[in-house]
Amino acid sequence: MEPSQGGGASDRDLMARLAAGDREALAPLMERHYPRLYRIALSYLRNPDDALDTVQETFVKAFQNANRWDGSVEAGPWLSRVAINQSIDRWRRIRRRQATFTPLAPGDHEAALADGALDPDARVHGRELRDRLATALGRLPERQRAVVILRHYQEMTLEEIADALGMKLGTVKSSLHRALGRLRTGLQRGLES
Amino acid sequence: MILAHLLLRRRVALLAAGVLDGRERDEMRAHVDSCSRCRREYDELRAVVGALEADPLRSAEPEIPVSVLIDRVEQRLDRVATSRPKRAHGWRVALPAAAAAVLAFVLLGTELLPRRGPEPVAPTPVPAAALPSEVLDRLERNLAREQAARYLSEAQDVLLAVSATEADCLREEDRLDVGEAPDRSRQLLARRALLVEGRPEAVASAQAVLDDVELALREVADLPSCVRRRDVERLRQDIDRRQLHMRIRLMTRELEG
């Protein structure tokens with residue numbers, strides 16, 4: 001599979017080809033959606049390796065389940081749905097492993113994140129913020145966390161979030177409300193300590 | 001008045017999250033401007049939203065190029081393709097299809113094949129009768145084991161959710177929020193009864209784990225949604241003492257084959 005194949009085709013065309021079992025259609029879709037799906041998984045899991053594995057699994061699932069795509073949603077939101085559900089599944093497996101073998105440490109994964117080309121002050125500030133957010137987000141129930149990620153990291157509408165997570169609109173609203181309240185408590189606690 | 005503010009809190013949070021539109025947004029803005037308590041709530045939640053939006057991960061770029069990911073996905077799909085015949089749902093489709101084909105051959109064959117002489121060719125009723133029941137028996141057994149594996153996996157999620165919770169519901173009383181775990185436990189316990197009624201011999205090896213999981217779920221089912229921290233600790237220690245998570249993992253793998 002070559003990265004450049006399928007260049008000018010629309011997402012819909014590519015999804016239709018994927019649904020028909022054409023693996024060549026996967027590469028152009030990956031080129032278009034990889035960074036965005038990576039950010040969904042990374043925001044949720046807070047670990048680059050886990051995020052990459054999750055994106056890989058997202059595209060595998062996308063290929064395997066493409067025949068379920070009925071065209072009522074665009075390919076982008078459909079892939080986001082697969083990515084966030086894969087992230088939740090992976091988070092459960094990580095938590096299960098941690099609960100079995102080691103104590104939970106929500107901020108540990110953060111050490112694995114590189115700060116790239118940021119200047120030293122920005123790097124320190126960015127790391128502190130990330131640490132506090134990681135701890136606070138890690139304490140949220142998994143669905144509330146997903147709602148926050150899709151809303152505030154992906155800027156999805158409440159209706160899109162409800163669709164992606166298979167939740168009712170009212171439940172998404174309450175989840176967002178509760179999650180923000182819990183994050184406030186968590187971030188304040190982080191500042192105090 | 002207090003009740004009214006409690007009802008308004010959700011809308012204040014939604015305003016801070018930037019998801020209200022049109023008239024609803026304008027009304028809430030006007031209210032927040034005229035109500036000091038709501039204003040404070042709004043400002044605090046806006047600070048949370050600001051922190052989320054300043055998270056450097058929002059603009060993170062993948063560390064490996066797309067070409068490498070494409071290769072990895074390609075290899076993964078190849079592996080899946082070669083291992084597919086071993087998958088349980090493959091059998092679920094293939095076995096009834098094979099049984100139907102044999103049955104059709106036997107039935108149609110006896111009717112349509114030319115008969116040689118006065119002695120009719122003896123049909124083969126034994127495989128026709130025996131194969132479907134054998135297949136059905138095997139399918140039922142596999143299904144019972146799959147259901148038990150799924151039950152154990154979901155039970156583990158509930159137990160982990162309770163064990164790992166750090167969310168305060170009443171901070172001053174040191175109480176923790178266990179959310180929907182008690183409800184989920186009750187639903188799972190209802191399913192547990194069905195597992196026993198179905199094919200108990202198919203899940204006989206899982207009996208000890210199922211019994212211990214049932215005990216733990218009963219404890220969770222009796223909890224309120226806002227629990228004293230020491231009760232959660234006690235439950236966590238009990239689960240650890242029984243090595244429940246590890247045993248569930250091993251048994252789930254065994255049941256899934």
Side-chain angles (χ1 to χ4, degrees), chain A residues 1-3 23 26-27 30-31 34-35 38-39 42-43 46 48 51-52 55-57 59-60 63-64 92 95-96 98-101 104 113-116 118 122 126-127 129-130 132-133 136 138-142 148 151-153 157-158 173-174 176-178 180-185 187-188, chain B residues 9-14 16-19 41 44-49 51-77 80 153 156-157 159-161 163-168 171 177 179-180 236 239-240 243-246 248-249:
Chain A
M1 192 161 35
E2 294 299 320
R23 256 161 79 162
L26 200 50
M30 287 173 74
E31 286 180 342
Y34 168 39
Y38 173 77
R39 282 193 279 273
L42 182 64
S43 313
R46 320 290 295 187
L52 280 172
V55 177
Q56 175 185 316
E57 215 46 38
F59 285 113
V60 170
F63 176 72
Q64 290 172 331
R92 284 181 187 159
R95 212 175 47 175
R96 198 174 296 165
Q98 286 174 328
T100 308
F101 298 110
L104 282 170
L113 289 165
D115 284 297
L118 294 174
R127 197 179 302 142
L129 177 62
R130 251 183 6 218
R132 280 193 284 126
L133 276 176
R139 287 184 175 140
L140 291 181
E142 58 196 31
V148 168
R151 172 62 206 150
H152 294 293
Y153 287 72
T157 65
L158 296 182
K173 288 180 180 175
S174 336
L176 187 57
H177 163 216
R178 286 183 188 163
L180 290 178
R182 282 176 168 167
L183 284 174
R184 172 178 55 184
T185 308
L187 290 173
Q188 284 168 349
Chain B
R9 282 182 71 186
R10 188 170 97 159
R11 291 171 73 198
V12 171
L14 296 179
V19 294
E41 175 93 0
E44 287 177 2
L45 294 178
R46 274 307 299 167
V48 172
V49 170
L52 290 169
E53 289 175 354
D55 186 352
L57 297 196
R58 284 183 100 227
S59 54
E61 288 296 327
E63 289 171 9
I64 65 168
V66 69
S67 56
V68 176
L69 186 73
I70 289 170
D71 285 345
R72 283 172 57 170
V73 170
E74 187 82 352
Q75 286 168 15
R76 178 84 172 75
L77 286 172
V80 171
S153 181
Q156 184 166 37
D157 283 343
L159 297 178
L160 280 168
S163 303
T165 185
E166 284 296 334
D168 295 321
R171 200 173 173 186
D177 183 3
E180 296 170 352
R236 195 180 293 158
I239 290 169
D240 288 347
Q243 296 182 303
L244 214 44
H245 291 305
M246 187 176 67
I248 290 174
R249 273 191 332 118

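Every chain is numbered from 1 and lettered A, B, ... according to where its sequence line falls, protein lines coming before strand lines.
Residues B:Leu159 and B:His245 share a closest heavy-atom pair of CB-CE1, 4.1 Å. Heavy-atom minimum distance, B:Ile239 versus B:Ser163: CD1-OG, 3.7 Å. Heavy atoms only, all atoms of each residue included: B:Leu45 and A:Gly181 are closest at CD2-N, 4.2 Å.
Of the atoms belonging to B:Thr165, not a single heavy atom falls under 4.5 Å from chain A. Both the backbone and the side chain of A:Tyr153 come within contact range of chain B, each with at least one heavy atom under 4.5 Å from a heavy atom of that chain. Residue A:Thr157: no heavy atom, backbone or side chain, is found under 4.5 Å from chain B. With a threshold of 4.5 angstrom between heavy atoms, A:Glu142 does not approach chain B through any atom at all. Contact of A:Leu133 with chain B is made through the side chain alone, with heavy-atom distances under 4.5 Å. Neither the backbone nor the side chain of A:Pro141 comes within contact range of chain B; no heavy atom of the residue lies under 4.5 Å from a heavy atom of that chain. For B:Ile64, the parts sitting under 4.5 Å from any heavy atom of chain A are the backbone and the side chain alike. Residue contact with chain B, scored on non-hydrogen atoms closer than 4.5 Å, involves the side chain of A:Leu176 exclusively. For B:Leu69, the parts lying near chain A are the backbone and the side chain together; criterion is any non-hydrogen pair under 4.5 Å.
Looking only at side-chain heavy atoms (C-beta outward), B:Arg10 and A:Lys173 come within less than 4.5 Å of each other. Contact annotation: the side chain of A:His152 never approaches that of A:Ser43 to less than 4.5 Å [non-hydrogen atoms, C-beta and beyond].
Ranked by heavy-atom pairs shorter than 4.5 Å toward chain A, the options B:Gly179, B:Ala161, B:Pro62 are led by B:Pro62. When each of B:Glu44, B:Arg236, B:Gln243, B:Glu53 is checked for heavy-atom pairs under 4.5 Å with chain A, B:Glu44 comes out on top. For the set B:Ala13, B:Ala60, B:Gly18, the entry with the most heavy-atom pairs within less than 4.5 Å of chain A is B:Ala60.
Of the charged side-chain nitrogens involved, none lies within less than 4.0 Å of a carboxylate oxygen, so that B:Asp55 and A:Arg39 do not count as a salt-bridged pair.
By the salt bridge (charged side-chain N to carboxylate O under 4.0 Å, His left out) test, B:Glu41 is found to be paired with A:Arg184, B:Arg9, residues two or more places apart in sequence or in another chain being considered.
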Inset, instruction - Would you check, one step at a time, whether the test side chain to side chain contact (heavy atoms under 4.5 Å, CB included) holds for B:Leu77 with A:Val60? - result: CA-CA 7 Å; B:Leu77 286 172; A:Val60 170; 3.9 Å; yes

